[in-house]
Amino acid sequence: CRRQIEKDVPRTRPGDLNEKQRAALGRVLLRFSVLRPKVGYCQGLNFIVAVQLLAGLTEKQTLGGLKSLTDNYCEGYYEESMRGLLRDIAVLDALLLLLLPKIHA
């Protein structure tokens, strides 16, 4: 995870994050990957963390927010199988077919 995080940190919101925020981004992502080894690090998590840091959250608050988001609202999205994401896509597909069949087609 560390190598991928180190690659992605400089590419994440390069015009918006300052050096302090960029360092915090790397630390939060690395800590998350240790706390959630089943998830580790997935591209996309960096942008979630960056937005929280840009909003002024501390590293501790940002890590808590990321854990809450992935545990409670996006369960299974950031696993290798992406089971949660695939489940939610199937639900959206069924709702579109039922409620907006012209868009579904």
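In this chain, residues are counted from 1 in sequence order. Predicted model only: the values in this text are computed from it and were never measured.
Counting heavy atoms from C-beta on, the side chains of L25 and L29 come closer than 4.5 Å. Looking at V49 and T12, their side chains never come closer than 4.5 Å, going by heavy atoms from C-beta outward. In this structure, the side chains of V39 and Y77 stay at 4.5 Å or more apart for every pair of heavy atoms. The side-chain heavy atoms of L45 and T70, taken from C-beta on, include a pair separated by under 4.5 Å.
A distance-only check finds a donor-acceptor pair linking the side chain of Q21 to the backbone of N18 [under 3.5 Å].
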K67 and R36: side chain to side chain contact (heavy atoms under 4.5 Å, CB included), yes or no, with the steps? CA-CA 8 Å; K67 290 189 316 187; R36 299 292 187 274; 3.7 Å; yes

Side chain to side chain contact (heavy atoms under 4.5 Å, CB included), that's the test. Do R11 and N46 meet it? Break it down for me. CA-CA 9 Å; R11 300 188 284 206; N46 53 330; over 6 Å; no

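Here the rule is salt bridge (charged side-chain N to carboxylate O under 4.0 Å, His left out) with E59, and of K20, R31, R27 only R27 fits it.
Atom SG of C42 is separated from atom CD of E80 by 9.5 Å, given to the nearest 0.5 angstrom. The line from CG of L35 to CG of L30 is 10.0 Å long, rounded to the nearest 0.5 Å. From Q52, atom CD reaches atom CG of L54 across 10.5 Å, with rounding to the nearest 0.5 Å. The CG atom of L86 lies 7.5 Å from the OG atom of S81; values are rounded to the nearest 0.5 Å. Once rounded to the nearest 0.5 Å, the distance linking OH of Y78 with CG of D71 reads 12.0 Å. Atom CD of E6 sits about 11.5 Å away from atom OH of Y41, to the nearest 0.5 Å.
Of all heavy-atom pairs between I5 and S33, the closest is CD1-OG, 4.5 Å. Closest heavy-atom contact between V9 and R22: CG1-CG, 3.1 Å.
Y73 and F32 end up in the same hydrophobic cluster when Ile, Leu, Val, Met, Phe, Trp and Tyr side chains are linked at under 4.5 Å. The hydrophobic cluster containing V28 does not contain V51, counting ILVMFWY residues as joined when their side-chain heavy atoms lie under 4.5 angstrom apart, directly or transitively. M82 and L66 end up in the same hydrophobic cluster when Ile, Leu, Val, Met, Phe, Trp and Tyr side chains are linked at under 4.5 Å.
Between S68 and N72, the side chains place a donor N or O and an acceptor N or O closer than 3.5 Å (distance only, hydrogens not considered).
Cluster note: L95 groups with V91, L92, L96, L98, L99, L100, I103 through ILVMFWY side-chain heavy atoms spaced under 4.5 Å, whether in direct contact or through intervening members.
Under a 4.0 Å N-O distance rule, the pair E75/R83 qualifies as a salt bridge.
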